[in-house]
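Since the structure comes first, as structure tokens, the remarks are kept for the end.
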Amino acid sequence: MGDASTDQNRTELPPRYDPSGLEGDLYREWVDAGLFHVEAADADNPYVIVIPPPNVTAALHMGHGLNNTIQDVLTRRRRMQGYDALYLPGTDHAGIATQNVVEREIRKDGKTRFDLGREAFVDRVWEWVDVYGNRIIEQLRTIGCSCDWERTRFTLDEGLSRAVREVFVRLHERGLIYRGRYIINWCPRCGTALSNEEAEHRDHTGKLHRIRYDLEGEDGLSVEVATTRPETMLGDTGLAVHPEDERYADLIGRTAILPLVGRVIPIVADSYVDPEFGSGVVKVTPAHDPNDFEIGQRHDLEALDVMTDEATMNDAVPEPYRGLDRVEARKRVVEDLQTGGYLVGVEEHPHSVGRCYRCDTIVEPRLSDQWFVKMAPLAEPALEAYRKGDLRFYPDRYGKVYQNWMENIRDWVISRQLWWGHRIPVWYCRHEGCGEVVVAREDPDRCPACDGELEQDPDVLDTWFSSWLWPFSTLGWPEDTEDLAAFYPTDTLVTAPDILFFWVARMVMAGLEFKGELPFTDVLLNGTVRDHQGRRMSKSLNNGIDPIEVVDMYGADAMRFTLIRGAPLGTDQQLNNEDLEEAFRPGRNFANKIWNAARLALPHLADDATRGGASATLADRWIRSRLSRAAVEIDGAFEAFRLHEAAESCHAFIWGDFCDWYLELAKRRLDEGSGPEYEAAGAALADTMEGWLGLLHPIMPFVTEAISRRMPGRGDDSTLVLGPWPQVPDAWVDTEAEDAIEALRELVGTVRALRSEYRLDPRTPLTVRVAGAGPALRAALEEERASVMRLASLSAIEDVAEGPAGAAGEPGAHAVLRYGGDIFIPLADVIDLDRERARIADESSHIAGLLGGTRAKLANEGFVANAPPEVVEREKAKLVSLEDQLGRLEEKLQSLGPAD
RNA sequence: GGGCGAAUAGCUCAGCCUGGUUCAGAGCGCCUGCCUUACAAGCAGGAAGUCGGGGGUUCGAAUCCCUCUUCGCCCACCA
């Protein structure tokens, strides 16, 4: 036992768990002690969990709360198991969102970033990145997740740009980087190219315009084409039909006159055209449609760009349309077509439209010069890793999604016409006629060919071009740092499915290409947190839940538990965003329950010295046995990333077994204050609490740590954070003790139910007669008779050796026990014989029903022949038990005499 | 157009992969009774489910197969 003053402290704990000061203090202490910042590079078992970029412009929302919590839970468990776990927070992705904020700010002053100039603009973004970054890190800390902003800041800055250049040069040397003039997705609002992944397609009902194009020549023939984007016709440089379409065989090689423009355009044959759709004739606009571009390439049609960077019509179109926005231009073109008699018809047409994933502007397919990465060679090994099973996804269905994307991979547009980001390490010679292009790791001074001046490509790289290097660039790559040696490859990636392609798939490719090894082996995709209407939480809907608010009100442990238990592997979870208490009550109540259990138990815990000798009672053996089983479940659940099961098992064991039954059974002995039985209880309490506090610690670190420190022999130093992870002996499994306590629980439960049935005041002491008790119940009664009496509010338990528990005709309440035996409670004044008869008859027919089912099963030859022997045995045992119960019920019915 | 997921108590969901110990579970809510000295953020008891519809496989289906319905997601170049 601890000394008197410690005992004093333990009993002085307040009856409510108050997380407010406690959680923050513990957290700061852990950070100060460096527990979350592994510097040592000589780790034998490096384990790294990667953290996706926090979106620094939005308040940290519950989605991130879930994601970060899962990561923190897994990391904490690994630390307890003796691994070195390193958090590597954030990437420069955060900065791109920040750039948008800065642009918005500048606009408020009626200016654009061009007024500010490139350098000043980049400085502004950095200021905001620092502000937001620090804020996010603080928020993460508040909810119990650790982060290191300095490290993140470094990776955003020098760290990544070195890696980015290295990668660019290497890919270029391998011939995987090329510059090309292609159709890309262009966001007119952001003024930049977007990758395919950045263009989100959404369904939309547009209008399909059918337009007549006259053929050139004297015969007055014309064809009809259909388009959802009439304004692009201004850039048409051809028409196409299917080569085997007999209707139009004559047209191939002829020319048509483009309405409104008057340009003469050729009609070509291309098998891309679907003869079944519309008229079977397609207008070809190579500069504004990816397919048309391909057709144009095949047939050598001119690609005529008709728009400016801002998606207004440029000088390539007839005068009246110049300068019009694309939407305006569409109206105008349709009007003019109508006026000119070219518009054959307009109909509704559902199709999908690409939008910029950052600003939701409709993207414009547009021809431009961009840098690309050839992806197929990189995808091959990444695909192979999945096929061989080296790379695993949880839930595994995402593996198929990954595979499908990899198999159909397309080249990646990596250049962006933005100012904030890593500059493309390419320089062009300004000397006339030289044309030298330099791709270099270090900034070159002069043109190596002609010694002329050089100019760097103005574009920057896609943010994901640095993100995909994240698993090694953050560790110092391309240098051979100690961190890199220790922490690459990592182990588990926890992230959301929506960046599976943006980030996860590309990290795999980069890891294999540049490090020759997978960056991680397990990818855990967490679900999305939705509001109570099932909608995604978003800023515009204002339906988000601020985790910080939740933490302030209910504590980080409460939030963590609620999120983890509510989030089965990979599935979405709904949270009531309008009633936070309802949403987080389960977690809060659980934390409080644990706290109070500790208040009861702490003053009685045996210390290490006295734990061994005491001889355990059935109850002590039972709770150890239950803990042993729970530990196996919880371990297995963690290993399979089924965190909700781990949380559920902790809850069921701690609340349902430890608090509801073990503590109640132990009270009798705890009250004694000394002696062998008291010591035994103290030892069992200490053993089991040590176990479950550790098992629960990854999920609820604060309350478990706070309690752990008050255990005897523990000080203020962290006792759980660095482990060890509890090893609960298998030998604690004890079926004899389990049977005994289960029988005891049944007896107590049955008496309570009868009491409730007859509306007896819970304080009225009753006498209960037990007949035909099986060995399990007899053992339990022998040892825990006093506890049973207290738990069921009994004044006496009478054992009846033979026959039914109730004498014939004696008024009282009857019940049978599944563990064997039956009970009788004499209740002279309250009992209604008719009611009792009816109740027993009900029960009896219910049992008879079950018995019938079981008998039928056993009579079925197919069952007996085919079912596994243990299943048949189980049914036979059930039969015996049911027959016993039914027999006793019938006896009871007899003893009550005939109904009036 | 392809692919995937979901449908179980009033609500949020487990269970399904590996069919038979679950006489279908949990939390919240609801009903009844208790301020019993760890906890009313609690305790005890209770009501509540044709496991979306239909068909099939099997001795046996919430669980496996087919199909339909209703939601949701992802991918996709049909103008």
Side-chain angles (χ1 to χ4, degrees), chain A residues 11 13 15-17 183 201 208 225-229 232 240 272-274 276-279 281-285 289-294 349 351-352 365 395-398 400-401 404-405 408 497-498 500-501 528 532 534 554 558 562 565-566 568 570-576 581-583 585-586 588-602 644-645 648 651-652 656 659-660 663-664 667 748-749 752-757 759-763 790-793 818 846-847 849-851 853-854 857 860-868 870-872 874-875 877-878 882:
Chain A
T11 50
L13 297 178
R16 286 252 170 108
Y17 173 59
I183 287 278
H201 288 266
L208 188 66
V225 303
T227 180
T228 52
R229 306 196 51 208
T232 62
Y272 159 76
V273 180
D274 176 5
E276 304 295 314
F277 189 90
S279 62
V281 184
V282 177
K283 65 192 262 309
V284 184
T285 322
D289 183 283
N291 300 309
D292 291 9
F293 178 76
E294 308 255 315
H349 180 67
H351 62 128
S352 74
D396 58 7
R397 69 186 126 92
Y398 283 108
K400 280 179 258 164
V401 178
N404 189 44
W405 186 78
N408 299 292
D498 49 334
L500 187 61
F501 306 134
T528 307
H532 65 299
Y554 311 112
T562 306
R565 191 172 59 161
T571 61
D572 291 354
Q573 79 170 306
Q574 288 195 30
L575 283 176
N576 189 337
E581 178 167 338
E582 200 221 287
R585 187 176 293 153
R588 180 197 61 178
N589 291 3
F590 188 39
N592 190 52
K593 185 73 178 177
I594 292 165
W595 182 254
N596 277 294
R599 286 179 65 222
L600 171 63
L602 282 173
H644 75 288
E645 280 184 15
E648 185 59 42
H651 183 266
C659 293
D660 284 351
L663 288 180
E664 293 305 327
K667 274 177 182 171
V748 172
R752 284 171 173 171
L754 287 173
R755 188 189 284 280
S756 184
E757 172 82 23
R759 303 235 175 282
L760 298 175
D761 188 289
R763 283 156 300 198
R790 196 174 60 78
L791 292 173
S793 300
R818 278 209 249 168
H846 176 66
I847 300 285
L850 294 173
L851 189 56
T854 305
K857 224 175 195 180
N860 183 335
E861 286 173 27
F863 174 74
V864 180
N866 297 317
E870 62 269 24
V871 175
V872 178
R874 208 150 45 218
E875 285 303 314
K878 199 159 133 192
L882 289 172

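In what follows, chains carry the letters A, B, and so on, assigned in the order in which the sequence lines appear, proteins first and then strands, with residues in each chain numbered from 1.
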Using a 4.0 Å heavy-atom cut-off, does [X] contact any base of the nucleic acid, only the sugar-phosphate backbone, or nothing at all?
X        : result
A:Arg588 : base
A:Pro868 : base
A:Tyr272 : base
A:Glu757 : nothing
A:Pro586 : sugar-phosphate
A:Asn860 : sugar-phosphate
A:Asp660 : sugar-phosphate
A:Arg565 : sugar-phosphate
A:Arg874 : base
A:Arg790 : nothing

In the structure shown, which nucleotide is the Watson-Crick or G-U wobble counterpart of [N], with both distances under 3.5 Å?
N     : answer
B:A79 : none
B:G52 : B:C68
B:C73 : B:G3
B:U21 : none
B:G45 : B:C31

Return the value, rounded to whole Å, for the distance between atom [atom1] of [X] and atom [atom2] of [N].
X        : N     : atom1 : atom2 : answer
A:Asn408 : B:G2  : CG    : C1'   : 11 Å
A:Leu13  : B:C39 : CG    : C1'   : 12 Å
A:Gln573 : B:G72 : CD    : P     : 20 Å
A:Arg759 : B:C31 : CZ    : P     : 14 Å
A:Lys593 : B:A41 : NZ    : C1'   : 10 Å
A:Glu870 : B:G19 : CD    : P     : 13 Å
A:Arg397 : B:C75 : CZ    : P     : 15 Å
A:Phe590 : B:G42 : CZ    : P     : 12 Å

If I take atom OH from residue A:Tyr398 and atom CG from residue A:Asn404, how far apart are they, to the nearest 0.5 angstrom?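 One gets 14.5 Å once the value is rounded to the nearest 0.5 Å.
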How many angstroms lie between atom OH of A:Tyr554 and atom CZ of A:Arg585, to the nearest 0.5 angstrom?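 The OH atom of A:Tyr554 sits 8.0 Å away from the CZ atom of A:Arg585.
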Establish whether the base of [N] is bridged to the side chain of [X] by a donor-acceptor pair shorter than 3.5 Å.
X        : N     : result
A:Glu664 : B:A38 : yes
A:Lys667 : B:A38 : yes
A:Arg16  : B:A41 : yes

Would you say A:Glu870 has more than 12 foreign heavy atoms packed within less than 6.0 Å of its CD? yes
How about A:Arg818: does its CZ atom have over 12 heavy atoms from other parts shown lying under 6.0 Å from it? no
Work out how far the [atom1] atom of [N] is from that of [M], and round it to whole angstrom.
N     : M     : atom1 : value
B:G52 : B:G46 : C1'   : 29 Å
B:U8  : B:G53 : C1'   : 15 Å
B:G5  : B:G42 : C1'   : 40 Å
B:A38 : B:U21 : P     : 40 Å
B:A26 : B:C71 : C1'   : 25 Å
B:G49 : B:G10 : P     : 7 Å
B:A7  : B:A79 : C1'   : 38 Å
B:U50 : B:C43 : C1'   : 35 Å

Look at [X] and [N] and indicate whether a side-chain polar atom (N or O) is within less than 4.0 Å of OP1 or OP2.
X        : N     : answer
A:Asn576 : B:C11 : no
A:Arg763 : B:C35 : yes
A:Gln574 : B:C13 : yes

Nearest to the side chain of A:His644, heavy atoms from C-beta on, is which of B:G15, B:A79, B:C28? B:G15
Verify, without hydrogens or angle tests, whether A:Arg790 (side chain) and A:Glu664 (backbone) share a donor-acceptor contact under 3.5 angstrom. yes
A:Arg752 (side chain) donor-acceptor with A:Leu791 (main chain) under 3.5 angstrom: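 Side chain of A:Arg752 to backbone of A:Leu791: a pair is present.
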Contact nearer the 5' end of RNA chain B, comparing A:Asp289 with A:Asn592: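 This one resolves to A:Asn592.
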Residue closer to the 5' end of RNA chain B, A:Val282 versus A:Lys400 (nearest nucleotide): A:Lys400
According to the interplanar angle, ranging from 0 to 90°, do the rings of A:Tyr17 and A:Trp595 count as parallel (below 30°), tilted (30 to 60°) or perpendicular (above 60°)?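 Answer is tilted, since the angle falls between 30° and 60°.
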Could you tell me which non-hydrogen atom of A:Asp292 sits nearest to which non-hydrogen atom of A:Thr285, and how far apart they are? OD2-N, 2.7 Å
